[in-house]
Every structure is written in structure tokens, then in C-alpha cells.
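For reference, the structure is listed below as C-alpha cells.
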Amino acid sequence: MKFKLDIKANAIDSFNEALSKYEQGQNGDLKAFKFSIAHLAHSIELVLKMYLQTLEENLVFSKCFKEVLKRSKADGTDLLSAYKALEGEEYDFGQLIHGHTSLHTVTVEQALSIVKCEVCGITGNNFVDQDFIDDINWMKDLRNAIEHFEFEFTAKEVRLCIGRLVRGLAEFTDIFSLFDLDREVGEDRVHIFKVLADEYEHALSEANISVSEQKHLLFAGVRPKHQMFIDWNVYTCPSCGNDTMIPNEDSSSGYRCTLEGCENEESEDIEVDCDICGASWPNGEMTSWEDTYTYVCPRCENPEAW
Ligand SMILES: [Zn+2]
Ligand SMILES: [Zn+2]
């Protein structure tokens, strides 16, 4: 019982640490992402162990896991079915570890190999999303890459994956009634958690980051005096309603919304030059003259009114 409580408390501590480091990373300290990944990886590892304990308290110990593995090989079944078979025979896992003082617990791979059975719906349910498993594997690789090699992933990739893992973890802890993740998040970190846990909020925060990054790129190295000549506008996207439409070379209108899944290119607010006088106006206010001009501004259209 003691071990059970320790796992949960540690999982939550690590999760909160991961959020703090994530915030530091987002505030420009890119190295902090590395620690965020390490804490999140630790938290997920513990949550996977908590899952094993919902099946059988002692299944977190390698000795007991190996017994299940043995059965799975003998029966030619997957691990979860093998465990269920042993459970059905009231197999005593406790006797395997009885009297042992220093016990190894299962590795992430081992825990994951049982969790995976919940994906294929062996239990008749399709509890776990394959994407969550894939992201955990990606995270494992990333953690190893960070520890042993160079940090070769972009900050954006890391942020997106952390977001998916946080959402996957929230769902996982909920489905198996392990704990209520949003209640366990420290008050000073709730704002980060909310953004990460909500797919749309997270995409929007990424879209806003793209806007400021591209603006920064464009203005970097240009003298303040000359910055006023840079043609840079941010428009409100009429499709998603966010202030995320910025210049884009590949867009036919010259602008594209940076929100993933929206990427709208049209807005009546985008300014174009009048074919007659050359002044810039929002294209929605322009008129076309048949066979002559595509864009005619209100002044040239109706000079008397001005
Ligand atoms: Zn949009
Ligand atoms: Zn004009």
C-alpha cells in the first residue's frame, strides 16, 4: 500500500515539475525543455506502473512480470490474456516476491507491452489510443537522444509532442481511474496545463508563436528607421477569428492563417494596390472594372464623393 501511494505522489510531483520546466522553456530558456521531457517521461513511467497495479499490485515487480511473460509464451497469447489466465487460476503473485528486500520494478518497455494490449481491444474495449503509445516511444527516444547525444529536435516539435503526451496522459489516468490530473496540478501551473490539455488552445498558442517568430525574423537586422517600410500586417482571420493571418510566400493572396487546420488565405481586409492610383486599400472595398482593372479604389471609382 505504501508503494502505491509513493508512486502516485511521485507521478504527480514529476508532472508538476514537467509543467514548470515547460513554462521556462516557452519563456526562452530552451534547455528547460530537456528537463521538462525528463520529468514528463518519469511521470508517465510511474503512471504506467499505476496501471499495472490496477491489474495486480505486484505486477510492477519484474519477477511477477516475467511470470506473465512466461505464461504468454507458453500459451501463445498476448500479455494481458496471459495475466487474466493466471488471475483466473488465482495465481499467487505475492509468493514470488515474498522475503525479497531489493526488488527490481518493470521497465517502461515492459509496462508498455501490457498497456499495448488495451489498444488492440483484446479486452473487448479499445481503451488506449495507439498515438499515445507512439508518442511515449518518441519521448523515450528523445530522452535518450538528450542524454546521450545532441538535442536535435526543434523546440516546436518538442512543444507539440509534450502537448499530445499531456492530453494522452490526462485521458489515460481518467480511463483507468488512476487520478484526476487537472485536480492534481499545482495552482501556479494551472494556466500552462490548461493550454496543453486543450488541443485547440495549444494549437492557438503555437499559431501565435509562429506569428511572433516570423515577425521577429523579418524585422531582425533591419534598422529601426527602415522598419516602417516593411510591409507586414497581421489580420484577423475571418475563418477562425484569431489574429493569426500573416504574410506567406506560398499563398495566392499573400497571406495565410498560422493556425494548424485553418490555414485560411482569404480576407477582405488584405490590402491591395489600386490599379489606377496605386494606393493601398482593403481588397473588400475595391471594385473591378470589366476588361480593364481588377482593383479600383473607392476614390478612383467615385472621385466626386471625395
Ligand atoms: Zn484562421
Ligand atoms: Zn485609386
Side-chain angles (χ1 to χ4, degrees), residues 22-23 25-28 33 129 131 135 153-168 170-171 190-220 226-306:
Y22 181 86
E23 189 174 36
Q26 211 169 26
N27 291 340
F33 280 134
D129 202 338
D131 293 343
D135 282 333
F153 299 88
T154 68
K156 182 169 180 154
E157 280 177 301
V158 173
R159 288 196 309 262
L160 289 176
C161 189
I162 289 178
R164 288 198 306 271
L165 282 165
V166 165
R167 291 191 289 279
E171 198 177 292
V190 166
H191 59 288
I192 321 160
F193 175 71
K194 280 196 174 143
V195 171
L196 288 171
D198 184 318
E199 196 167 0
Y200 182 79
E201 282 289 316
H202 193 201
L204 184 56
S205 91
E206 286 299 325
N208 286 324
I209 290 172
S210 298
V211 171
S212 38
E213 276 178 355
Q214 291 194 38
K215 183 170 184 177
H216 179 78
L217 269 178
L218 190 69
F219 284 85
H226 295 145
Q227 287 183 353
M228 60 181 288
F229 299 117
I230 296 180
D231 195 14
W232 165 271
N233 286 309
V234 182
Y235 293 113
T236 303
C237 171
S239 176
C240 69
N242 299 299
D243 296 328
T244 43
M245 275 192 90
I246 55 169
N248 185 302
E249 288 180 349
D250 301 328
S251 161
S252 55
S253 71
Y255 281 81
R256 184 179 288 165
C257 174
T258 58
L259 181 67
E260 207 184 314
C262 179
E263 288 132 24
N264 165 52
E265 298 182 352
E266 302 301 327
S267 163
E268 296 202 330
D269 295 337
I270 297 172
E271 291 189 356
V272 288
D273 296 339
C274 171
D275 291 333
I276 298 173
C277 71
S280 286
W281 288 79
N283 70 76
E285 294 180 33
M286 297 294 210
T287 36
S288 304
W289 289 4
E290 214 177 322
D291 298 328
T292 47
Y293 303 118
T294 316
Y295 297 118
V296 178
C297 78
R299 276 178 200 257
C300 298
E301 173 74 20
N302 194 2
E304 274 109 73
W306 297 82

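Values below: all heavy atoms of this structure, side chains included; hydrogens, waters and symmetry mates excluded. Numbering of ligands and ligand atoms starts at 1, following listing order.
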inquiry  = For the CD atom on Glu199, are there more than 12 heavy atoms of other groups (residues, nucleotides or ligands in this structure) within a distance under 6.0 Å?
reply    = no

The protein N, O or S atoms lying under 2.8 Å from the Zn ion (ligand 2) are Cys274 SG, Cys277 SG, Cys297 SG, Cys300 SG

Notebook entry, point to check: Just by distance, do the side chain of Ser253 and the backbone of Glu265 share a donor-acceptor pair under 3.5 Å?
Noted result: yes

Exactly one of Ile246, Val234, Leu204 clears side chain to side chain contact (heavy atoms under 4.5 Å, CB included) with Thr258, and that residue is Ile246

| Is Arg159 paired with Glu206 through a side-chain N to carboxylate O contact shorter than 4.0 Å? | yes

Mark yes when over 12 heavy atoms from residues, nucleotides or ligands other than Tyr295 sit less than 6.0 Å from its OH; otherwise mark no. no

| message | A side-chain contact here means heavy atoms from C-beta on lying under 4.5 Å apart; do Ile276 and Trp289 qualify? | response | yes

For the Zn ion (ligand 1), angle spanned by Cys257 SG and Cys240 SG (nearest 10°) is 110°

